[in-house]
Structures are given as structure tokens and as C-alpha cells.
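Input: a single structure, listed below in C-alpha cells.
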Amino acid sequence: MLVLIANRGFNLPGRHIENGELPEETLERECFEEGYVTCDSPSLIGMIRVSHEENPLFNHRGKYPLIGYQLFYRTNVIDCLPFRRENESTTRIWVEPDEIPYVIEDHELTHYIVDEAMTV
């Protein structure tokens, strides 16, 4: 499942951990908020460290930390609910893994994530 986010294009669901949330709870919340699906049995694929230490445009007062981490999970969709557009996504689509490069114009990392998710 991919979701369309304004100014980001199609991508995997995800964002930020809310205060007091576990990463798996964030995954479930984001899948619901952005894709209107419920999911279970998350398995961690991996993570990356994101550093803005050498970014001259980094805003120290912005919403992103100087150093952060992105965690990537594979999960099973257990219920697909009516799509309501109540949050930041405007649509969801179901895409075969081989079609991802033709839909996501982000960076290659997304393709590696999907490839790894398909091997789990």
C-alpha cells in the first residue's frame, strides 16, 4: 500500500513517534491515519540514522531533530476501511512490488525497503 501525501507524492505510510508511543504503535497509528487500514504482526526490517549535522539549511527550531532514526517495518493488513481523507493523505493505492519504481519518485531507499519487506 502506498499513500499520496501533498508535496511528497506517493510513499509508504509513516511519520513521527508521538510522546509515549512505542515504534510498533506508531506504525499501527500511521497505517490507520494515512491508509485507513488496520494491521498486525509488525516485523522490523531495519533502520537508518538521519543526521543534519552537516546540513547548512537545518533549522534548529524546526520539527526535526539534528539526529534522528527511521525504522522500517513489514506488517500485515488485516482490515481495509473506507478511505476518508481526514488526515494528510489524499488517496491510497495498492501496488505490486515490481511497480514501485514507476510510482514512487522519491529516493532508492524506498525500493530497498520494499525489496527487503518482500523477503521477510
Check: Could you give the distance from CG (L12) to CG (L2), rounded to the nearest 0.5 Å?
Finding: 6.0 Å

Note to self: Within the 4.5 Å heavy-atom criterion, are M1 and P13 side-chain neighbours or not?
What the structure shows: yes

Item checked: L66 and H60, any side-chain heavy atoms less than 4.5 Å apart -> yes

Check: Around atom OH of Y112, are there more than 12 heavy atoms of other residues, nucleotides or ligands at under 6.0 Å?
Finding: no

Notebook entry, point to check: Would you say D115 and M118 make side-chain contact, with heavy atoms under 4.5 Å?
Noted result: no

Next item on the list: Report yes or no: does E99 contribute a side-chain atom to a donor-acceptor pair with the main-chain N or O of E96 at less than 3.5 Å?
Entry: no

Next item on the list: State, to 0.1 Å, how close F83 and G35 come at their nearest heavy-atom pair, and which atoms those are.
Entry: CD1-O, 4.1 Å

Check: If you look at every heavy atom in L4 and G9, which pair is closest and at what distance?
Finding: CD1-C, 3.5 Å

Checklist line | Rounded distance (nearest 0.5 Å) linking atom OH of Y36 with atom CZ of R84 | finding: 7.0 Å

Check: Which atom pair, heavy atoms only, marks the closest approach of S51 to I67?
Finding: OG-CG1, 4.2 Å

Notebook entry, point to check: Taking NZ, NE, NH1 and NH2 as the nitrogens, is one of them in E34 or R15 under 4.0 Å from a carboxylate oxygen of the other?
Noted result: no

Item checked: V114 with V95, same ILVMFWY side-chain cluster at under 4.5 Å -> yes

Item checked: CZ on F32 to CG on D79, rounded to 0.5 Å -> 10.0 Å

Check: What residues, two or more places apart in sequence or in another chain, satisfy salt bridge (Lys or Arg N to Asp or Glu O under 4.0 Å) together with R29?
Finding: E18, E21, E33

Item checked: Flag side-chain contact, heavy atom, 4.5 Å: N59 against Y64 -> no

Item checked: Smallest separation among heavy atoms of V37 and V77, with atom names -> CB-CG1, 3.9 Å

Notebook entry, point to check: Which pair of non-hydrogen atoms, one from R8 and one from N11, has the smallest distance, and what is that distance?
Noted result: NH2-CB, 4.3 Å

Note to self: To the nearest 0.5 Å, what is the distance between OH on Y73 and SG on C31?
What the structure shows: 11.5 Å

Note to self: To the closest 0.5 Å, what do you measure between CG (N76) and OG (S41)?
What the structure shows: 5.0 Å

Notebook entry, point to check: Say you draw a straight line from CD of E28 to CD1 of I78; how long is it, rounded to the nearest 0.5 Å?
Noted result: 8.0 Å

Check: Taking C-beta and beyond as the side chain, do L27 and T75 meet within less than 4.5 Å on heavy atoms?
Finding: yes

Next item on the list: Identify, with sequence neighbours excluded, every residue that meets salt bridge (Lys or Arg N to Asp or Glu O under 4.0 Å) alongside R49.
Entry: E53

Note to self: Between P23 and I17, is there a side-chain heavy-atom distance shorter than 4.5 Å?
What the structure shows: yes

Notebook entry, point to check: Does the side chain of S89 come within less than 4.5 Å of I5's, by heavy atoms?
Noted result: yes

Note to self: For the residue pair N87 / R85, report whether a side-chain donor-acceptor contact shorter than 3.5 Å exists.
What the structure shows: no

Check: Sequence neighbours excluded, which residues qualify as salt bridge (Lys or Arg N to Asp or Glu O under 4.0 Å) partners of E86?
Finding: none

Notebook entry, point to check: Should I93 and V103 count as side-chain neighbours, where that means a heavy-atom distance under 4.5 Å?
Noted result: yes

